[in-house]
Participant: 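Sharing a structure with you now.
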Number of protein chains: 2
Amino acid sequence: MGTVTGKVLPQPTRDEIRVETVLQALADPVRLRMVAELANSAEPIPCGHFDVEVGKSTVTHHVRTLREAGVIEVRQVGTARASTLRKDDLDARFPGLLTGVLSGVD
Amino acid sequence: MGTVTGKVLPQPTRDEIRVETVLQALADPVRLRMVAELANSAEPIPCGHFDVEVGKSTVTHHVRTLREAGVIEVRQVGTARASTLRKDDLDARFPGLLTGVLSGVD
DNA sequence: TACGTAGTACGGTCGTCATCGAACCTTTCG
DNA sequence: CGAAAGGTTCGATGACGACCGTACTACGTA
């Protein structure tokens, strides 16, 4: 518990994260919902466990978009891919952005 | 001084502003630049004075998008339309969002 | 009145992206 | 081994939106 094992999939470093890309990633309603779920979850969330009404391959697409934007970190755990929110990195890079966005969800 | 005259064009009230719409509005690079200009400007900015490289009618489009999202307020001043950032409303509704976004611009 | 200024409205084009289904891969387990 | 679980990849489709130019309106002024 707590510590997640497995390899981290490629992602931008903290200082490579660009606000424009992050905003584009968060602008989609499905992805915004995913981010909100991650923010409210103590545990990492596998691709198939997001509560969204889109097909499997679409979830794959959204997870990749969020990862490449630097919003989430994805680890390979067995056959599963567990996502976590990169809260520390986002807070360091764009202080207040994440909490501001999350305050407006639901 | 400071006070801007003229009629305010239709816009959402503070509590009608939705985070999803705001994010979509900010996700465009041209609009993000406009918002940054407004944040750095003491005076309202007329449509024709934004430092962006798009045509007139496109600026109209972006100004309308930002206004309808609740990001800016637009007043009719003679033949001009002066835009200002709705900083108070955005800060009240989504604390930290605006400053977080602006910290990542330029 | 005629003109310049500031911006909108309209019609159209083009590119991007969200979505899906089907096929495929890999690990786990009976 | 065979099958199920969990995701990815591919190709296609459909919708939205950024952009432009032209035509138009409203206001101010020489």
Side-chain angles (χ1 to χ4, degrees), chain A residues 4-11 18 20-38 41 43-69 71-84, chain B residues 4-11 18 20-38 41 43-69 71-84:
Chain A
V4 181
T5 61
K7 267 181 295 190
V8 177
L9 271 62
Q11 64 180 25
R18 292 178 318 173
E20 186 184 308
T21 310
V22 170
L23 289 172
Q24 264 169 19
L26 297 180
D28 181 87
V30 175
R31 286 194 291 264
L32 186 56
R33 163 142 207 171
M34 288 173 159
V35 169
E37 282 187 47
L38 287 169
S41 167
E43 299 295 316
I45 300 183
C47 292
H49 284 54
F50 285 105
D51 185 20
V52 292
E53 291 181 343
V54 291
K56 253 198 320 183
S57 54
T58 303
V59 173
T60 295
H61 165 65
H62 286 313
V63 168
R64 175 162 38 85
T65 301
L66 288 170
R67 174 175 56 82
E68 290 177 351
V71 177
I72 66 175
E73 176 180 284
V74 184
R75 285 173 187 267
Q76 188 86 33
V77 180
T79 72
R81 294 196 166 182
S83 297
T84 54
Chain B
V4 182
T5 60
K7 265 181 295 191
V8 177
L9 270 63
Q11 64 180 24
R18 292 177 318 173
E20 185 185 308
T21 311
V22 171
L23 289 172
Q24 265 171 15
L26 297 180
D28 182 87
V30 175
R31 286 194 292 264
L32 185 57
R33 163 144 206 170
M34 288 173 156
V35 169
E37 280 187 49
L38 287 169
S41 167
E43 300 296 317
I45 301 183
C47 292
H49 284 53
F50 285 105
D51 186 21
V52 293
E53 292 180 344
V54 292
K56 246 193 335 179
S57 53
T58 303
V59 173
T60 295
H61 165 66
H62 285 314
V63 168
R64 176 160 37 86
T65 301
L66 287 171
R67 175 176 55 83
E68 290 178 351
V71 176
I72 66 175
E73 175 181 284
V74 185
R75 285 172 187 267
Q76 188 86 35
V77 180
T79 72
R81 295 196 167 183
S83 297
T84 54

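Numbered from 1 within each chain, the chains take letters A, B, ... in sequence-line order.
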Participant: Please enumerate all residues that pass side-chain contact (heavy atoms from CB on, under 4.5 Å) together with B:T79, with sequence neighbours excluded.
Facilitator: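 side-chain contact (heavy atoms from CB on, under 4.5 Å) list for B:T79, sorted by chain: empty.
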Participant: Starting the side chain at C-beta, find the nucleotide from C:dA6, C:dA18, C:dC20 nearest to A:S57.
Facilitator: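 Ranking C:dA6, C:dA18, C:dC20 by closest atom to the A:S57 side chain puts C:dC20 first.
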Participant: What side chain to side chain donor-acceptor pair (under 3.5 Å) pairs are there with at least one residue in residues 20-29 of chain A, not counting sequence neighbours?
Facilitator: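 Side chain to side chain donor-acceptor pair (under 3.5 Å) check on residues 20-29 of chain A returns A:R18-A:T21.
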Participant: What is the distance from CZ of B:R64 to P of C:dT8, rounded to the nearest Å?
Facilitator: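 B:R64 atom CZ is separated from C:dT8 atom P by 8 Å.
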Participant: Just the rounded figure in Å: distance from C1' of C:dC10 to NE2 of B:H61.
Facilitator: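 Nearest whole value for this atom pair: 14 Å.
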Participant: May I ask you to list the residues of residues 24-32 of chain B, by number, that have any heavy atom positioned under 4.0 Å from an atom of DNA chain C?
Facilitator: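 Contacts with DNA chain C under 4.0 Å: none.
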Participant: Applying side-chain hydrogen bond (donor to acceptor under 3.5 Å, both in side chains), can you list everything that pairs with B:H62, at least two apart in sequence or on another chain?
Facilitator: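 Testing B:H62 for side-chain hydrogen bond (donor to acceptor under 3.5 Å, both in side chains), a comparison that skips the adjacent residues, returns B:R31.
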Participant: Kindly say if B:T60 contacts the phosphate of C:dT8, meaning a side-chain N or O under 4.0 Å from OP1 or OP2.
Facilitator: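 So the side-chain polar atoms of B:T60 do come within 4.0 Å of the phosphate oxygens OP1 or OP2 of C:dT8, strictly under.
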Participant: So do A:L23 and B:L23 actually touch side chain to side chain, heavy atoms under 4.5 Å?
Facilitator: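 Yes, side chains in contact.
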Participant: Can you give the dot-bracket line for DNA chain D, where a pair is Watson-Crick or G-U wobble with both atom distances under 3.5 Å, crossing pairs use [ ], and | marks a partner on another strand?
Facilitator: ||||||||||||||||||||||||||||||
Participant: Shoot me the first and last contacting nucleotide of DNA chain D against chain A, ordered 5' to 3', at under 4.0 angstrom to non-hydrogen atoms.
Facilitator: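 The contacted stretch runs from D:dG6 to D:dT9.
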Participant: According to salt bridge (Lys or Arg N to Asp or Glu O under 4.0 Å), does anything in residues 52-64 of chain A pair up with another residue at least two apart or in another chain? List the pairs.
Facilitator: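 As it turns out, there is no salt bridge (Lys or Arg N to Asp or Glu O under 4.0 Å) pair with a partner in residues 52-64 of chain A once direct neighbours are skipped.
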Participant: Output the distance between atom OG (B:S41) and atom CE (B:M34), rounded to the nearest 0.5 Å.
Facilitator: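 Nearest 0.5 Å value for the OG-CE distance: 13.5 Å.
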Participant: Whole Å only: how far is the CZ atom of B:F50 from the P atom of C:dA6?
Facilitator: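 Taking CZ of B:F50 and P of C:dA6, I get 14 Å after rounding.
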Participant: Listed by chain and number, what are the salt bridge (Lys or Arg N to Asp or Glu O under 4.0 Å) partners of B:E73, not counting sequence neighbours?
Facilitator: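 Per chain and number, B:E73 pairs via salt bridge (Lys or Arg N to Asp or Glu O under 4.0 Å) with B:R75.
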Participant: Please name the pair of heavy atoms, one in A:C47 and one in A:V59, separated by the smallest distance, quoted to 0.1 Å.
Facilitator: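 So the two residues come closest at O-CG1, 3.4 Å.
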Participant: For nucleotides 24-30 of chain C, give me every protein contact, N/O to N/O, under 3.5 Å, one pair per line with atom names.
Facilitator:
none

Participant: With B:R33, which residues qualify under side-chain hydrogen bond (donor to acceptor under 3.5 Å, both in side chains), at least two apart?
Facilitator: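 Counting only residues at least two positions away or on another chain, B:R33 forms a side-chain hydrogen bond (donor to acceptor under 3.5 Å, both in side chains) with B:D51.
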Participant: Got a second to check how far A:H49's NE2 is from A:S83's OG, nearest 0.5 Å?
Facilitator: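 Going from NE2 on A:H49 over to OG on A:S83, the span is 12.0 Å.
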Participant: Could you tell me which residues satisfy side-chain hydrogen bond (donor to acceptor under 3.5 Å, both in side chains) with A:Q76, sequence neighbours excluded, listed by chain and number?
Facilitator: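 A:Q76: side-chain hydrogen bond (donor to acceptor under 3.5 Å, both in side chains) contacts with A:R81.
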Participant: By side-chain contact (heavy atoms from CB on, under 4.5 Å), which residues pair with A:S57, not counting sequence neighbours?
Facilitator: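 A:S57 satisfies side-chain contact (heavy atoms from CB on, under 4.5 Å) with no residue once adjacent residues are dropped.
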Participant: Look up atom CD in A:E37 and atom CG in A:L32, then write down how far apart they are to the nearest 0.5 Å.
Facilitator: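 Output value for this atom pair is 11.0 Å.
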